[in-house]
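Both backbone and side-chain heavy atoms feed into the values below; hydrogens, waters and symmetry mates do not. Here the structure is a predicted model, which means the values were calculated and not measured.
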Amino acid sequence: MRETKWYIFLLSMIPILLYAENNSSDRPYLLQSSPCAPNICLINYDKMNREERLLAVSLQGLINRKQPRIYLRERLSDHLLNLYKEKGIIKKETEYSALLPLLKQYKEEITGAIIYDPGKTWTINLVSNIASVEDRIIISPHQLPQVEQAGISDIKDVKDFGFKNECEAFDWYMANIFPKQYHSILSVCGYEKMHDIYRDYLICFRIPTFWLPGKKDPDYNPEMENRIIRLWQKTPVNIPVIGFWPATKSGYEEYEGVQLAGKYGKFTIVNTWAGNYSFHSGTGNSEIKMLQRRRNEKKQFDPTRKYVALTMIESGDAIGYIQYGLGARQWDEPERGQVPISIGVTPAIQYLMPCYLEHLFRSATANEYFFCSISGAGYCYPLEQYASETQDRSKTLSEYFEKTATLMQKLDLSILGLYSHPNRMWDERDLHTVQNYILPQKQIKSILSDMGRCDGYTGKNANDMLNANTSVHHILTRWSTEAWPYDDCRYDKPAADWLIRKIREQGKEGNFLPVMFYSWHYGPRRLKIVKDTLEKEGYTFVTLDEFDRLFREATNRYN
């Protein structure tokens with residue numbers, strides 16, 4: 001299997017000159033590094049300023065291309081570093097307090113450096129793309145003496161190119177750099193800390209990187225947006241855009257950005273705020289098929305009970321959240337295993353964090369169940385214009401859900417989370433899309449629809465059989481908007497009371513209640529309070545697979 005991964009890696013180094021849509025199934029979903037070195041270098045990323053961060057992630061991407069040897073220590077991923085030590089993946093670590101010694105150590109693997117213009121933030125992505133194909137580190141003008149001290153003498157300065165504006169620079173990039181990059185993954189990458197941290201993966205695998213200001217941003221340029229759209233049109237359909245659209249001050253908002261890229265057949269893999277993917281991706285084998293834990297006991301349907309499936313549907317698509325949020329907020333709480341919960345996971349985890357995926361599956365109890373996150377291979381809106389601007393929308397949608405089903409099978413997932421609409425129920429057009437593109441996929445046994453309650457669905461009509469084999473369950477609660485820090489126990493009761501009230505409201509009709517718990521506020525500790533309270537009132541809490549089985553049993557009994 002390792003030989004296969006190296007072959008895929010070598011393919012990513014070859015310029016791709018054809019962008020036909022008809023061979024999308026032949027492309028790898030995501031790329032992985034080779035197996036990690038047992039002895040690694042650590043440096044504290046949290047304490048770095050902007051220019052140090054860019055130098056560090058570019059150095060890491062270049063060095064980890066051959067074999068992952070550099071890990072940027074940052075608070076949010078320390079638990080993964082510890083996991084790799086426990087598993088014996090890392091046997092020895094050498095911690096550095098500055099970048100200069102690392103530059104000296106690895107200077108033979110670096111062609112040179114390229115200087116970005118601190119006065120023009122758009123040059124950061126330009127030099128990031130250049131660095132990826134020319135094996136250069138990214139530096140600011142102030143870091144030049146330090147780099148020269150390390151013995152690196154081949155220096156380029158983006159100012160010397162003489163670009164008059166971003167459009168001119170992008171045109172030059174498309175003609176000279178883009179042909180040498182890998183074209184089946186793209187990245188939307190801004191100019192803040194939340195984006196900088198994952199540039200190691202972009203540089204490691206020579207991934208085309210861009211940023212798209214929103215229409216209300218002061219730097220919005222319709223000519224530049226048109227160039228980005230042409231980039232999407234030129235690259236294959238059903239490929240990931242890694243990164244994320246919203247920034248703290250600028251950029252397309254989440255819904256608009258995901259939808260716009262989706263029109264051109266691009267789905268989003270959210271990995272902001274966390275990095276080291278050039279390292280994490282080398283910690284396991286993506287070809288290993290995962291198996292979920294099976295229940296030994298099966299409940300029988302009781303028409304006097306109301307069945308509740310507590311589901312985390314709104315964050316599982318974010319590989320970034322899985323890296324830094326899932327453990328702290330859900331998985332590592334002592335109460336896990338005492339309340340049934342179902343967690344959406346992105347198929348990207350098998351490629352970008354394989355060791356952690358194996359940890360999740362092996363440590364799961366019978367009270368944890370995994371389903372495929374919104375909306376399959378990546379975050380997109382299949383019912384909201386996905387692939388509407390591609391040459392053949394029907395073919396693109398078919399291929400998308402075929403890809404999704406294949407990825408789900410490798411993770412033993414049979415229930416698909418599906419984003420439908422922000423505020424309305426399904427209509428005939430939606431049913432047509434589901435029936436023609438999702439139902440033919442035998443791997444998909446059930447659909448968990450919506451990301452928050454849509455007006456019109458209640459416990460009476462939220463669940464249905466779409467055909468003899470496939471069911472659909474519509475979420476009946478919205479996310480909580482109050483300020484309830486997950487790690488402050490003083491908020492446990494008000495948070496639990498809020499969700500209890502919402503479940504009671506939706507539980508007035510029907511026996512089956514698909515309920516979302518907001519991942520930023522709820523974990524097993526608070527959900528156990530919800531369960532213990534409502535069980536006394538005739539509610540039974542089950543994992544999503546049990547929920548679906550009981551619903552089918554009830555449907556067959558009373559139809």
Q | side chain to side chain donor-acceptor pair (under 3.5 Å) between Tyr324 and Glu74, intermediate numbers included | A | CA-CA 10 Å; Tyr324 67 78; Glu74 45 92 27; over 6 Å; no

Close side-chain approach of [X] and [Y], heavy atoms under 4.5 Å:
X      : Y      : answer
Ile185 : Leu30  : yes
Val345 : Ser373 : no
His195 : Val188 : no
Leu383 : Tyr419 : no
Lys215 : Glu256 : no
Arg526 : Trp484 : yes
Cys372 : Leu411 : no
Asn556 : Phe301 : no

When the ring centroid of [X] is compared with that of [Y], is the distance short of 6.0 Å?
X      : Y      : answer
Trp520 : Tyr321 : yes
Trp331 : Phe370 : yes
His521 : Trp498 : no
Tyr201 : His280 : no
Tyr386 : Phe267 : no

(Q) Is there a side chain to side chain donor-acceptor pair (under 3.5 Å) between Tyr379 and Glu254? Walk through the geometry before answering. (A) CA-CA 10 Å; Tyr379 181 23; Glu254 173 180 339; 2.5 Å; yes

What residue among [options] forms side-chain contact (heavy atoms from CB on, under 4.5 Å) with [X]?
X      : options                : answer
Met451 : Leu418, Ile374, Ile475 : Ile374
Gln435 : Leu439, Ile438, Thr433 : Leu439
Met353 : Thr283, Leu80, Asn276  : Leu80

For the atom pair [atom1] ([X]) and [atom2] ([Y]), what is the distance rounded to the nearest 0.5 Å?
X      : Y      : atom1 : atom2 : value
Thr268 : Asn271 : OG1   : CG    : 10.5 Å
Leu476 : Met516 : CG    : CE    : 12.0 Å
Arg336 : Thr365 : CZ    : OG1   : 6.0 Å
Arg199 : Ile197 : CZ    : CD1   : 12.0 Å
Ser519 : Trp479 : OG    : CH2   : 11.0 Å
Leu527 : Tyr522 : CG    : OH    : 8.0 Å

Q. When you look at Asp430 and Ser420, which way does the side-chain contact (heavy atoms from CB on, under 4.5 Å) test go after all the steps?
A. CA-CA 8 Å; Asp430 303 322; Ser420 56; over 6 Å; no

(Q) Treating Asn467 as the side-chain partner and Thr470 as the backbone partner, does any N or O pair qualify as donor plus acceptor under 3.5 Å? (A) yes

(Q) So does Ala377 get a backbone contact from the side chain of Tyr29, meaning a donor-acceptor N/O pair under 3.5 Å? (A) yes

Q: Could you pull out all residues at least two apart from Lys460 that satisfy salt bridge (charged side-chain N to carboxylate O under 4.0 Å, His left out)?
A: none

Verify the distance criterion only: is there a donor paired with an acceptor across the side chains of [X] and [Y] at less than 3.5 Å?
X      : Y      : value
Glu546 : Tyr369 : no
Thr406 : Gln409 : no
Asp545 : Thr543 : yes
Ser77  : Tyr71  : yes

Q: Determine, step by step, whether Ser33 and Ser281 satisfy the side chain to side chain donor-acceptor pair (under 3.5 Å) criterion, reporting the C-alpha distance in whole Å, the side-chain angles of both residues, the deciding distance to 0.1 Å, and the verdict.
A: CA-CA 6 Å; Ser33 296; Ser281 64; 3.3 Å; yes

State, to 0.1 Å, how close [X] and [Y] come at their nearest heavy-atom pair, and which atoms those are.
X      : Y      : answer
His473 : Asn463 : ND1-OD1, 2.7 Å
Ala387 : Thr396 : CB-CG2, 3.6 Å
Arg525 : Glu333 : N-OE1, 2.8 Å
Pro440 : Asn436 : CG-O, 3.4 Å
Phe361 : Gln292 : CE2-CG, 3.7 Å

Near [X] [atom1], under 6.0 Å, is it more than 12 heavy atoms from other residues, nucleotides or ligands?
X      : atom1 : result
Glu428 : CD    : no
Lys442 : NZ    : no
Lys289 : NZ    : yes

Q: Using the ring-ring contact (aromatic ring centres under 6.0 Å, His included) rule, pick out the option among Tyr457, Tyr539, Phe547 that qualifies with Phe512.
A: Phe547

Q: Assess whether side chain to side chain donor-acceptor pair (under 3.5 Å) is satisfied between Ser446 and Ser471, documenting all intermediate values.
A: CA-CA 5 Å; Ser446 180; Ser471 57; 2.9 Å; yes

